[in-house]
**Q** 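Please read through the structure below; I'll follow up with questions.
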There are 2 protein chains.
Amino acid sequence: MKQLLVTNPTCQFCSFSNVCEKDSAQKPLGLKVKSQQVHQRGSSLFSMGDKFDALYIMRSGSAKTCLLSQEGEQQIASFHYAGDIVGLDGFDTEQHAHNLTFLETSSVCRIGLVEFNRAMAESAIVRQSVLKSMSHLLVGEQQVLFSNSQYNAEQRLANFLLNLSARFEQRGLSALRFNLSMTRIDIANFLGLAFETVSRLLSKMQQQKTINVNHRQVSLLNIDKLRQTLLCGAEAKLSTNFSSQAA
Amino acid sequence: MKQLLVTNPTCQFCSFSNVCEKDSAQKPLGLKVKSQQVHQRGSSLFSMGDKFDALYIMRSGSAKTCLLSQEGEQQIASFHYAGDIVGLDGFDTEQHAHNLTFLETSSVCRIGLVEFNRAMAESAIVRQSVLKSMSHLLVGEQQVLFSNSQYNAEQRLANFLLNLSARFEQRGLSALRFNLSMTRIDIANFLGLAFETVSRLLSKMQQQKTINVNHRQVSLLNIDKLRQTLLCGAEAKLSTNFSSQAA
DNA sequence: CGTTCTATTGACATCATTCAACGCCGGTGG
DNA sequence: CCACCGGCGTTGAATGATGTCAATAGAACG
């Protein structure tokens, strides 16, 4: 159903393909995408404090969302791929709350805020899509939180690789062989680890024939073993550390 | 401006007070609150997998949002106080993605999904408020992520206390003396620490006259010292660990 | 073709967890 | 009224996972 009216293959997996007017004039209540932009690796789409005047949808490439503290420390909150909507952080204060930096040459569709508000007013489908997207992001953040505080280093990395794998698969790419567009430093920052730890663990997993790494190219050789990594230690924790249901 | 039409004092700090029709019939495009509910400590408002059919606004008391893995491990993603909107996780899959458990006797306002959708269709202010709330939650989650991976145990706890203090102050309560409605176990889980570590740090802070703790009652004796805790170690990290702006 | 960024690997240090013992408090039942 | 019990909280000692520091080498880019 989603794909019916979409002619551009890169739009196929966009969360807004069913409301986008880019490729079709048959949806008068949809979102009008005003322009497209191409950005180089390392460049920013917006930064903390910038005026919030548009939402963007990743059309190709990849990007990272970073928080920066006053002290100059950064925290990567998420990675984005084609079809992901970015910029939703701006509604809170009408300024962007984080930076969006591209990890490789990428393109985005821009939706001006005025146009967005018009579409929200006129179309129930647009409202539904937006709420769904934001809700999904919220739940995703919570799962990252879970991973980063319940899992050990190896489990976090396994989880990270499995998540990437799933996202590539959703986009019609290979779930077992893909490219990391981010550095080890970025991965480590995202997972709350030292980058040396990430490097060591990737080597270890390769030794154990669980994965194969060559620079940024990753192959998952034994995806079941990766999944089992996430379960290890769970039964041990079951007895202790149980929190107060009735405090 | 927000408070002008609000007669009930407990609504004063609600994010939806400007669109709520509970206390006034003068806002025909606002949200109709259909009912109120009172819940006991330890009881749940909704659980993972429950059908999503309403949003709720905390009216009094406090609650926690928990993710539960299949293995039975839980992760507390946030704590909620009067005025907070909860249930927004449901838009993603039309089922709730986490549990909401009350930490003390609490009451909530219920907004049925049908009524919510009507208000979203009809009122720009409602749309604005909802987007703002969700965006705020998103940014808040990211800050928790930052705290839990960039800060050490003491900094996380200091940050936690300062955040609570700010939230109480926003609600017109004392910023320097307040009650913890959650257990040490809950705090530790939220901060990604062992509960013994939280207990030890609270004792240490008390020894250093930074705070005073008596069971659940906390006084911030030296709030500047707490704030400085967050800066400690920042300059050391500035040189190293800088991630790739241009990967 | 050299500089800079990224990545790997080893040795060592340390912060936080784990395990354990114990006290406190509120509730419940004899 | 007192004894018991379970959940919560505190504190100590030992262990270990991960961070830190350091040396080196390969890629990328101008």
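Throughout, a chain's letter reflects where its sequence line sits, starting with A, and its residues are numbered from 1. Remember, it's a predicted structure, so these values are computed and weren't measured experimentally.
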**Q** Is there a side-chain polar atom (N or O) of B/Thr197 under 4.0 Å from OP1 or OP2 of C/dA16?
**A** no
**Q** D/dG9 C1' sits how many Å from B/Glu196 CD, rounded?
**A**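 Rounding to the nearest Å, CD of B/Glu196 and C1' of D/dG9 are 10 Å apart.
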**Q** Output the single nucleotide from D/dT10, C/dA16, D/dT18 whose closest atom is nearest the side chain of B/Phe195.
**A** D/dT10
**Q** Measure from CG on B/Leu201 to C1' on D/dT10 and round the result to the nearest Å.
**A**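 The answer, rounded to whole Å, is 13 Å.
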**Q** Of all the choices, D/dA27, C/dA16, D/dT20, which nucleotide is nearest to the side chain of A/His215 once you look at every atom?
**A**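 Closest nucleotide to the A/His215 side chain: D/dA27.
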**Q** Could you check how far CD of A/Gln206 sits from P of C/dA7, rounded to whole Å?
**A**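 Between P of C/dA7 and CD of A/Gln206: 14 Å.
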**Q** Calculate the interatomic distance between A/Leu191 atom CG and D/dA17 atom C1'; express it in whole Å.
**A** 16 Å
**Q** For D/dG9 and B/Arg216 - does any side-chain N or O of the residue sit under 4.0 Å from the phosphate oxygens OP1/OP2?
**A** yes
**Q** How close or far is atom C1' of C/dT9 from atom CZ of A/Arg184, stated in whole angstroms?
**A** 14 Å
**Q** With hydrogens left out and only the distance checked, is there a donor-acceptor pair under 3.5 Å joining B/Glu154's side chain and the base of C/dC15?
**A** no
**Q** Salt bridge between A/Asp84 and A/Arg59, side-chain N to carboxylate O under 4.0 Å?
**A** no
**Q** Would the base of C/dG10 count as contacting A/Arg200 through its side chain, where contact means a donor and an acceptor less than 3.5 Å apart?
**A** yes
**Q** Round to a whole Å and report the spacing from CG of B/Leu193 to C1' of C/dC15.
**A** 11 Å
**Q** Taking atom types as modelled, find out whether A/His39 and A/Ser107 have a side-chain donor-acceptor pair closer than 3.5 angstrom.
**A** no
**Q** Using a heavy-atom cut-off of 4.0 Å across all strands, would you classify B/Ser199 as base, sugar-phosphate, or nothing?
**A** base
**Q** Between B/Glu196 and B/Arg184, is the salt bridge (Lys or Arg N to Asp or Glu O under 4.0 Å) condition met? List the steps.
**A** CA-CA 8 Å; B/Glu196 293 98 328; B/Arg184 306 285 194 267; over 6 Å; no
**Q** Could you state the interatomic distance from CZ (B/Phe46) to OG1 (B/Thr65), rounded to the nearest 0.5 Å?
**A**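 Rounded to the nearest 0.5 Å, the CZ-OG1 separation comes out at 6.0 Å.
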**Q** Please give, in whole Å, the distance from C/dT6 C1' to A/Leu103 CG?
**A**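 Answer to the nearest Å: 14 Å.
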**Q** Is the shortest side-chain N/O distance from B/Ser203 to OP1 or OP2 of D/dT11 below 4.0 Å?
**A** yes
**Q** Report yes or no: do B/Gln36 and B/Arg110 form a side-chain donor-acceptor pair below 3.5 Å?
**A**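 No, no side-chain donor-acceptor contact under 3.5 Å.
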**Q** Over how many whole Å does the gap from A/Arg156 atom CZ to D/dG19 atom C1' extend?
**A**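 A/Arg156 atom CZ is separated from D/dG19 atom C1' by 12 Å.
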